[in-house]
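Data block below; observations after.
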Amino acid sequence: MPPIARGVRPFSRTWRATASGSGPSWADAIAFLLLAGLAVLVARGAAGVAQPLSELRLDPIALDPWNLPAYALRTTLRMFAALGAALVFTFVVATLAAKSKRAEMVIVPALDILQSVPILGFLTFTVTFFMGLFPGQQLGVELAAIFAIFTSQAWNMAFSFYQSLRSVPGDLEEVSRGFALSPWRRFIRLELPFATPSLVWNAMMSMSGGWFFIVAAEAISVGNTRIMLPGIGSWLALAIDRQDFRAVGWAVGAMAVVILLYDQFVFRPVVAWADRFRFEQTASQDGPKSWAYDLFRRTKLLPVLFAPLTGLGRLMMAIDRRPARAAKARRDTAPNPLGRILWLAIVAATLLGAAWLVIDYIASHLAWGDAFVAFGLGCITMLRVLVLIAVASLIWVPIGVWIGLRPRWAERLQPVAQFLAAFPANVLFPFAVIAIVHWRLDPDIWLSPLMVLGTQWYILFNVIAGASAIPNDLREAAGMFGMGRWQWWRTLIIPGIFPYYVTGALTASGGSWNASIVAEAVSWGSEHLEAHGLGTYIAKATTAGDFPRVTLGIAVMSIFVIGFNRLLWRPLYAYADRRLRLA
């Protein structure tokens, strides 16, 4: 029986205190002050959520630098609330898709569709819904903004976790079957720890990707009324409307401070903690470090705080003690082909019904010529996406491998990468407009790079996660055999990072389609530039309130994204699963 890898261990053993003695230490005092300060900030940031909506309309955003700390706090709380919801969604939906073939047939295409729906499409319907739940209260608008940020974070994390669960090494699966682990124990003791390093990197990417849409999420239009929630996104929207470069600079500076703070106190400790779950048989000599993680490990406060979670996990373990014979009987039971056919029929009927409703709505308001126009514009946008993803892959795959194989450099470059990924592309749009107008460049070509500015980082972060997950013993063996550069890439690196790269490229392509709505039609003051494409089509229809054309554009974009995923990315997933697994 092969040895279980270092780090594939239950979560309940990872937060044991390492401090000596029985009394509180200086680390406990510092941790208490940090947690108390965090609680105060959360309380202050959440205080305005329950206020009447009328106060928000009477107190618009003011471009005063003294307001930025409060705005930054509100934005950060919204983004972490959305990230928490995305984690819950990921654990439930991605696990269900990886475990059940029937659920996979519904969930994976649904994620493809949801990833392709622009954030403007979600806001069109969800703002009214959430405001109806809490009429006259800011809470409804806050929930709408959090949900909008959630839609920019959840799909990447779900795809990553789904891919990790499908990539558990075969020898570890044999060990779990040999011990007849129940589904819950298998998830807690094997699958979740194995998927944690990749999930952490994708959570960082999702957090950074949420900044790309923060302007649309916080500056919400409801009918003829524009509601601007206090936050950095609303500040940026107002600064861009007023062409105030100084205010834009203040917002970018505030973003940099926020990213540095949550990198030091949240993500860097989590990356150091998640390194213990890497799958390898020899210990890494150069793991990631974090002063905050070292501080928290010395405390006796955190184990007390996490004791209820640990007790809950042990209780569920005790309840889920199923006999090995029952598990074996389930494995030996042949699948029911009639049930599979019936399930496929139900899924197909549901999809056809939904498609018929969309087609009937569009046909009753538009002509077939409009559909052909939208399809032709979709082909133009698809060509842009293909070229941009190829160029971004050539640039970021080698860089991501270099960073992922060097944990110390990954530690230094982590906040830089997060800031670049979080940098809102909207800030660069004015400079693009000014340059294109000044040099009389072709918008169809020079507006295209704006589509990938906020999505290329999905490739980088996933490649870093893949390279850092390559077992250290395999890297040592490659060095001992003296592999040449190309052989090293072909036999070790490409198989190791390929599933992660496919996840990053899939998410980057879907994000590029989404970003086309704001990147193919940009403006700065009185200057308006448009590139031919489906993004411009949807943006103009949304501005005009032409809901039939908005629906047509979103439907065409969904068809392109689903076809793109099914004809390119899913076959690459299957190829990686068959041929390019390291274990």
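Values reported hereafter were calculated over all heavy atoms of this structure, with side chains retained and with hydrogens, waters and symmetry mates removed.
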L190/V175 under side-chain contact (heavy atoms from CB on, under 4.5 Å): CA gap, chis, key distance, verdict
CA-CA 10 Å; L190 172 61; V175 170; over 6 Å; no
Side chain to side chain donor-acceptor pair (under 3.5 Å) between E218 and W235: does it pass, once the steps are laid out?
CA-CA 9 Å; E218 292 184 347; W235 173 291; over 6 Å; no
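The shortest distance between side-chain heavy atoms of T75 and I214 falls below 4.5 Å. The closest side-chain heavy-atom distance from Y500 to S198 is below 4.5 Å. For the pair Q163 and V502, the minimum side-chain heavy-atom distance is 4.5 Å or more. Counting heavy atoms from C-beta outward, N202 and F161 have side chains that stay 4.5 Å or more apart. Taking the side chain as every heavy atom from C-beta outward, L192 and F91 approach each other to under 4.5 Å. Counting heavy atoms from C-beta on, the side chains of M79 and W211 come closer than 4.5 Å. With contacts defined as side-chain heavy-atom distances shorter than 4.5 Å, the pair V257/L261 qualifies. You'll find the side chain of N462 reaches within 4.5 Å of the side chain of N156, heavy atoms only.
The main-chain N or O of A505 is found under 3.5 Å from a side-chain atom of S509 such that the two form a donor-acceptor pair. Looking at T95, its side chain never comes within 3.5 Å of a backbone N or O of V92 through a donor-acceptor pair. A donor-acceptor pair under 3.5 Å is absent between the side-chain atoms of T299 and the main chain of L295, judged by distance alone. A side-chain donor-acceptor contact under 3.5 Å links Q153 to the backbone of L83.
A centroid separation of 6.0 Å or more is found between the aromatic rings of W396 and Y501. Taking the centre of each ring, F245 and W250 stay at or above the 6.0 Å mark. For F147 and F150, the distance between ring centers is under 6.0 angstrom.
In this structure I146 satisfies the side chain to side chain contact (heavy atoms under 4.5 Å, CB included) test together with R78, A81, A82, sequence neighbours excluded.
Across L460 and G400, no two heavy atoms sit closer than the pair CD1-CA, 3.6 Å.
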